[in-house]
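The analysis underlying the following values was restricted to heavy atoms, covering all of them including side chains, and did not include hydrogens, waters or symmetry mates.
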Amino acid sequence: MHTLNIGILAHVDAGKTSLTERLLFDHGAIDRLGSVDAGDTRTDDGAIERQRGITIRSAVAAFTAHGTQINLIDTPGHSDFIAEVERALQVLDGAVLLLSAVEGVQAQTRVLLRTLRRLRMPTLVFVNKVDRPGARADALLADIRRRLTPHLAPLTGVTGIGTPEARVHRRPLDATSAEALAEVDPGILAALVDGPPPDRAALEAALAACTADGSFHPVYFGSALGGQGVAELVEGIVRTVPAGIVRTVPAPGPPEPSGRHRAPRGTVFAVRPGPGGQRTAYLRLYDGEVTEHQRLTFLRRGADGRTTEVTGRVGRLAVIGRPGPLTGGNIAALTGVPGLRVGDRLGEPTGRAPQFAPPTLQTVVRARRPEQAAPLRSALLALADQDPLLHARPAAAGATSLLLYGEVQLEVLAATLVQDFGIDAEFEPGRVRLLERPAGTGEAWEEMPWLDRTRYWATVGLRVEPGPVGSGGVFAYETELGALPRAFHQAIEETVHATMLSGPHGWEVTDYRVTLTRSGFSSPVSTAADFRGLTPVVLRRALERAGTRVYEPYHSFEAEVPPDALAPVTSLLASLGAEFKETTGGTASWVIAGELPARQVRRAGLGLPGLTRGEGVWWSRPSGDRPAR
């Protein structure tokens, strides 16, 4: 039996968790349907997820259909958790993009399909809630073609749409479907132009091939709550999604010598905390085999390109949906390897690790009760260690500085601190995080105290220069390795990175290269503390000579507005500093695309409804940074 790892993605409240419950129930994996309203669903098992009725972390559940095990990965729908979605996408074989037949194409839907098409992910579209008042079929298909993608074909239809009597029926590929396929399949195009017209078998083969490479999307109608159309969706998944796609690690290497097993290769895509601080890591294995009590070494690549090792022995190994060892193509929850984080890889990470847009909202957290200051900092650092995209570091007066994606994520974090750690914390209003980068090259040094220039028994010389964008911080040596004891080298390097957390303008410095140009010590007088004390003095002087430039984050945006609102919306965006890239549309609506400073995104989103009578649609996402104005 082969395995498919399928993600369910959608705008918030489109019915992802309800569809997961229906799939598991219809195929015998659970004996009763859970309800989001009742808080008893299988995948939203966290207390906060149940209370708020939203998915916060990706979860995995399995069922079997048509001789195939399907692992379902239920992902968050709220835009504040888009990073969680993108991490899960790296381990999927295919995806189901969920739309509501009532609300139609929403802002997050468009963001998700862009991401899926960029990854060339096999994606099926499921139009949910066909039994709800206000549901649409043909009009919604037209919206999908116009606002999402024209490369689709409906494989089911629905009668009685918008009523409790809505029923789903199969829909054969027709001339319209052939024309849509011809846009992505040269063989179908040639058959339509030169003849003879493609028959049903040729169309179905082209549909499967183009779905598999992510260029075309079958559409299914149905209802997760009522169960209509779900069987047809499952059949389509099995028929069109190929198994064993590797997206984040290179293809398997040469065969191992006879009598040896291939080394295991996989990716950790989710980590969940457990009792007593124990973590459960979800590992997607691409190749090889993992068993209980096996000793594993995971590799972690930092932003500066350095690779560190995380080693441990597997304790409990629970393979999703089946007993026995973890084999290629499957997912398991494992415990026993301390310190695992999302993105850690089993096997040499020679491929390029996925890059995620960094969080841009910065806040400071304090405990309301002074005696909880230390436990608060420990809790936040522990949560940040589980999630590499949640950044926490100590701040002044016992506070902790945090980087987040949005206000909803902040609310969830506050609730987590109360429920999981018993800590009542207060958060300062969030502000957009800026960054500094070296503007040039600067150098400084200090000699040992017999020259009467410093009180430290150490010699340190440092050169600061710009690094490539996205490189983070890199520390290098121009001095001879071994000229200093290892502890002194480590003290200098660690202090360099810690000092760069606050540059001349008060913001974190990034994309730098710091080189140790001079070093010296006096045995047995010199200690590591001398180097930790002297390094910031030398580094700040070198950084001042190099100079830094402040950068602010930007968002790419799209605003879809009625024609009569085009002028006022454009005027609002221009006043907020937007740079326009494209404006397209016609009689129905206009789409304005461009980039905007992240600090102005909230004002733009709040101003849009009033200028468009509530008809405008806004979406944005981080798109890098630019020099601050």
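- Salt bridge absent: Arg433 and Glu552 never bring a charged side-chain N and a carboxylate O closer than 4.0 Å.
- Salt bridge annotation for Glu204-Arg239: absent, with no cationic side-chain nitrogen under 4.0 angstrom from a carboxylate oxygen.
- With salt bridges taken as basic N to acidic carboxylate O contacts below 4.0 Å, one links Arg114 and Glu558.
- Cation-pi geometry between Arg284 and Phe269 is not satisfied (NZ or CZ under 6.0 Å from the ring centre, within 45° of the ring normal).
- The distance from atom CG of Leu434 to atom CD of Gln362, rounded to the nearest 0.5 Å, is 8.5 Å.
- Salt bridge Asp26/Arg22: present, at least one basic N to carboxylate O contact under 4.0 Å.
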Evaluate the criterion side chain to side chain donor-acceptor pair (under 3.5 Å) for residue pair His217 and Arg117; output intermediate values, then yes/no.
CA-CA 10 Å; His217 310 289; Arg117 290 183 68 85; 2.8 Å; yes
Quick one: do Ser589 and Glu560 satisfy side chain to side chain donor-acceptor pair (under 3.5 Å)? Show the steps, please.
CA-CA 7 Å; Ser589 65; Glu560 184 170 352; 3.1 Å; yes
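- Residues passing the salt bridge (Lys or Arg N to Asp or Glu O under 4.0 Å) test with Arg549: none are found, sequence neighbours excluded.
- Counting only distance, with no hydrogens or angles, the side chain of Ser18 and the backbone of Leu225 share no donor-acceptor pair below 3.5 Å.
- Counting only distance, with no hydrogens or angles, the side chain of Ser571 and the backbone of Val569 share no donor-acceptor pair below 3.5 Å.
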Given side chain to side chain donor-acceptor pair (under 3.5 Å), test Ser223 with Asp131 step by step and report yes or no.
CA-CA 7 Å; Ser223 169; Asp131 51 357; 3.1 Å; yes
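- Residues Phe63 and Leu72 are in side-chain contact: their nearest non-hydrogen atoms beyond the backbone lie under 4.5 Å apart.
- The pair Arg171-Glu232 does not count as a salt bridge, with every side-chain nitrogen at least 4.0 angstrom from each carboxylate oxygen.
- For Arg368 and Glu426, the salt-bridge test passes: some basic side-chain N is under 4.0 Å from an acidic carboxylate O.
- Both tests hold for Arg437 against Tyr551: distance to the six-membered ring centre under 6.0 Å, angle to the ring axis within 45°.
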